[in-house]
Amino acid sequence: MASEKKNDSNFVRGRFSKDISALTAKFTSSLDVDKNLAVYDILGSIAHVRELKDAGLISEKEKKELEGNLQKIKKEIETGVFKFEEKYEDIHINIEKRLIELLPSSGPKLHTGRSRNDQVSVDFRLYVKGEIKKISALVLDLVSTLSSLGEDNINTFMPGYTHLQHAQPVSLAHYFLAYCEMFKRDFKRLHGAYDEADVLTLGSGALAGVDFKIDRGREAKTLGFKHVSENSIDSVSDRDFAIQFQFSLSMIMLHLSRFCEELIMWNTKEFSFVELSDEFTTGSSIMPQKKNPDALELIRGRSGGVMSGMVSLLIMMKSLPLAYNRDMQEDKKPVIESSVTVADSLKIFREIIIGAKFNYKNMASGLKDDFIYATDISSYLVNRGVPFRRSHEIVGKLVNYASRNNKGLSRIPLSEYKKLAPEFEPDLFEIFNPRTSVDSKKTYGSTATARIKSAIRKNEKEIKEYRKTLKGF
Ligand code: ARG
């Protein structure tokens, strides 16, 4: 049978009489992105070769040479000598073409009992698992940095805010520990995403399963998967694991972005709570005095890209009929780009926070405006039997009186206090002290010094446990 085709660029054109147009080839290619899966593609192929041998589809000799040459290609990729060919539409075909070039007789047997639909799924799952490990370790590093910054700042007091208005005194440690909680939740979310990705989908074929006896349980072990997928149609259609990972990445960026915003604000002249190290700030091309927090701004800015990646994935998947559709090729770009962004952001953010100089004096002087103790005065009255709504009103009147007379609450004489409530006694003035304020908090999880100390101990224990969990990932 004569063929008119000049260049069968992706093996799969037996039924066609013309080669794919250059424009279509370029348009459909995913090589630029799925290059990143190369090493995982080879691992998947090596595991597959073992199954082909045990299913009696290749000989021991062929198994050995296929394995050996796949390893050789892996080296070529790792050392940068592998020639990625644009004309082969994706990484799978690139590697297979090279294998066939090296092994013209056994190479063409590799794709027996496999479809690119299950192949790309397993590659992507392996990639996601690898990235989750890396990012989880970075998250834990940040948690432990924040926990030790907390330890150093148990006695640093500052105004706590709600609606960006002075609310109540808190310790800076409590602030750091708040972010610790967020990043610990991120770790747990990543762990959940890992479990979701930890499912072998190879052996599902195009959608219906495979005609040869492939032991999927053993294949899962070879590739380090905990579970084997239950349904071949679902296996090649499912991108929940990618969405879950992308969601975990989005949440990390959301938390980092809030922290960045906070530091950007604290770094302004108006706040002056923190000074960022020169290493992480840039100058202005026109204003010589400027020291801009660009790295923090870029983390905040890039969070948008990561979050939009999640929306893209959801929208891409929402109307797809089962099973594989080519739309799904678009899943890798947001995930791969976001994973790089998140890893870089976590690394640089940790260095920024380690290098930041907190200005304890300015934080403390934020507490000089003693309206911040108003809630404590209200609690003082409640502890002396005044109903809360009444005490709230009394203190409101005091605040009104103080602002009209341009005085702080601590400078109103006791006689004036007593006019509003006879329950006020001289010990009232002990309230105007940040330590008294934080230590008057009685609840679990509060900013009270003793609570913070035990939160830090708990954190340390959890970090140790999480590190163990990570080893078992
Ligand atoms: N490049 C494709 C992707 O990433 C590989 C799977 C192609 N499968 C197919 N039936 N065309 O999704």
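For ligands, and for the atoms within them, numbers begin at 1 and follow the listed sequence. What you see is a predicted model, and the numbers here were worked out from it, not measured in a lab.
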Distances under 3.5 Å, N/O of ligand 1 against N/O of the protein: list each pair and its distance.
from: ligand 1; atom 1: 1 (N); to: S30; atom 2: OG; distance (Å): 3.2
from: ligand 1; atom 1: 1 (N); to: D90; atom 2: OD2; distance (Å): 3.1
from: ligand 1; atom 1: 1 (N); to: Q329; atom 2: OE1; distance (Å): 2.9
from: ligand 1; atom 1: 4 (O); to: K332; atom 2: NZ; distance (Å): 2.9
from: ligand 1; atom 1: 8 (N); to: N117; atom 2: OD1; distance (Å): 3.0
from: ligand 1; atom 1: 10 (N); to: N117; atom 2: OD1; distance (Å): 3.1
from: ligand 1; atom 1: 12 (O); to: Y324; atom 2: OH; distance (Å): 2.4

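Taking the centre of each ring, F349 and F259 come in below the 6.0 Å mark.
Evaluation of the side chain to side chain donor-acceptor pair (under 3.5 Å) test over residues 34-44, restricted to residues two or more places apart or in two chains, returns S30-D34, D41-H92, D41-Q119.
Within 6.0 Å of CD on E230 lie no more than 12 heavy atoms contributed by other residues, nucleotides or ligands.
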Checking ring-ring contact (aromatic ring centres under 6.0 Å, His included) for the pair W266/Y175: CA distance, chi angles, key distance, verdict? CA-CA 13 Å; W266 289 4; Y175 228 94; 5.0 Å; yes

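Applying the side-chain hydrogen bond (donor to acceptor under 3.5 Å, both in side chains) test between Y179 and each of H255, E262, R258 identifies E262 as the sole match.
A distance-only check finds a donor-acceptor pair linking the side chain of T28 to the backbone of T24 [under 3.5 Å].
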